[in-house]
Amino acid sequence: MDAKIDWHSEAARLILRNKAFIEGKFVDAASGKTFECISPVDGSVLAHVAACDSEDVDRAVKAARGAFEKGVWADQAPKTRKRVLVKFADLIQKNANELALLETLDMGKPIINARQGDLRAVAECVRWYGEAIDKLYDEIAPTPKSALALITREPLGVVGAVVPWNFPLLMAAWKFAPALAAGNSVVLKPAEQSPLSALRIAEIAAEAGIPPGVFNVVPGFGETAGQALGRHMDVDAITFTGSTEVGKLFLKYSGESNMKVVSLECGGKTPNIVFADTPDLDAAARGTADGIFYNSGQVCDAASRLLVEDKIHDAFLSKVAALAKNYAPADPLDEKTQMGAMVDSTQTKRVMNYIAKGQEEGASLMLGGKQVRQETGGFYIEPTIFDAVDNRMTIACEEIFGPVLSTIRFKTAEDAVKLANDSRYGLEANLWTNDLSKAHRIARALRAGTVTVNTRDGGGIEVPFGGYKQSGFGRDKSLHALHKYTQLKTTYINVG
Ligand code: NAP
Ligand code: MG
């Protein structure tokens, strides 16, 4: 990253894209309506953004279908798609400061996280799928000699991607990069809270050589634009990241329309299990604090339930509490800031209600719990730790999506597994122990799409990510993600 950027002056110079991106052009919503895009950094209105509804979604789907039928992208050699995607990744890197700033202004995360975390991962994701696509071979089945059976993967056609606001570009890239690599056309609906970076990246995609109609962005509300995409008769697949509640709606939309393929990356309530034999309790404490306070806890796999073995409970919790001080909310545009703003006032109220509920239900508020920095006009909540939580309490069952840790004690490994699995979610689990066979045994018993051992890091683009149970189905990242954007064709030939 460049040295000493004055992010406040950079912000003042930004030109914001505020229209829908359809068929390679920025256009107003057909209705002419807009919505206010608010910065949670200080509550200011950043832009008035086109509020797309079903008419605009239909325009975007028609453009996407037209491009797919013409084969301007789908019929390009994999090598050609690779070249364009690699150039796209280069341009993302070139514009990374601007894109990172858009993320920070639009959803409040610290600039350092946006620039060094999100943007690096976005460029890497696009490059990885670009690089992968000309290295994949299809199959020939083991048939009798009289036949030749080809098993080939074909793109689906038009993919609708509906994403949340917590990692606006990264969640989008996990969808559009493999979908585009496989030859599909994409219609992306960003979250209403964070549309700006998606609009800018669509323009960058066009500059890289993605043909008009292949990558469209329709900003707008879930109930209008999102639903229109989910119910559209000419959308072949919906790839969704967001809450479990809305994920279930997309299953319904599909069933009530054209039976489009649906894949869902939904909520989580990650258990973070710390055993007394953990080799490095300081590392575990750092992982615990980062696991719940990074991005203000607005992370699907936030380590929101700390399951700690009885005999180290006090010592471990005081380590975590000491580290929590590093996450005092501060100006997101300051490079030293570790914790920024909550995404908006609604999410802030929701989290504050959970904090009140935790106290009502008898959990012990050990640290934080207050809204702060109100004088800025923005939305900030202190790192918050609850102790003496019961796994049946609301704060242990529901996804809070804020910087709120619930601590639960356990005595035996069996209890820990039981508590960990006693959740409707199954996105991720973390565990810390020095005992290798215990680690394997427990990892196998945990019902989660990712289990990390002695680290919070669940791996980069090369490993799959997704949920068990009501955390959804289908996987983002890795070559497995390509299954969501392709279908298998069998061509069975009688060769005599
Ligand atoms: P959300 O409310 O479910 O929204 C997600 C997306 O769905 C947004 O684009 C939203 O549009 C749209 N939407 C909302 N209501 C809709 C409706 N009735 N019909 C169609 N679309 C609709 O989730 P969020 O609050 O943005 O994000 C937080 C959630 O995302 C958490 O549950 C978190 O765990 C989950 N998440 C999961 C993963 C993962 O990989 N598993 C990763 C990140 C986040 P609007 O913004 O306009 O409402
Ligand atoms: Mg915003």
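Values below: every heavy atom of this structure, side chains too, minus hydrogens, waters and symmetry copies. Ligands are counted one by one from 1 in listed order, and the atoms in each one are counted from 1 as well.
With sequence neighbours left out, Ser345 forms a side-chain hydrogen bond (donor to acceptor under 3.5 Å, both in side chains) with no residue at all. Remark: Phe35 engages Phe221 in a ring pair (Phe, Tyr, Trp, His ring centres under 6.0 Å) (not counting sequence neighbours). Remark: Phe250 engages Phe240, Tyr253 in a ring pair (Phe, Tyr, Trp, His ring centres under 6.0 Å) (not counting sequence neighbours).
For ligand 1, the protein residues within 4.0 angstrom (heavy atoms only) are Val162, Val163, Pro164, Trp165, Asn166, Met171, Lys189, Pro190, Ala191, Glu192, Gln193, Gly220, Phe221, Gly222, Glu223, Gly226, Gln227, Phe240, Thr241, Gly242, Ser243, Val246, Leu249, Phe250, Tyr253, Glu265, Cys266, Gly267, Cys300, Glu399, Phe401, Leu427, Phe465.
Separation of the Phe167 and Trp174 ring centroids does not fall under the 6.0 Å cut-off.
Checked for salt-bridge contact, Glu245 and Arg424 meet the test: a charged N lies under 4.0 Å from a carboxylate O.
No side-chain heavy atom of Leu323 sits less than 4.5 Å from a side-chain heavy atom of Phe293.
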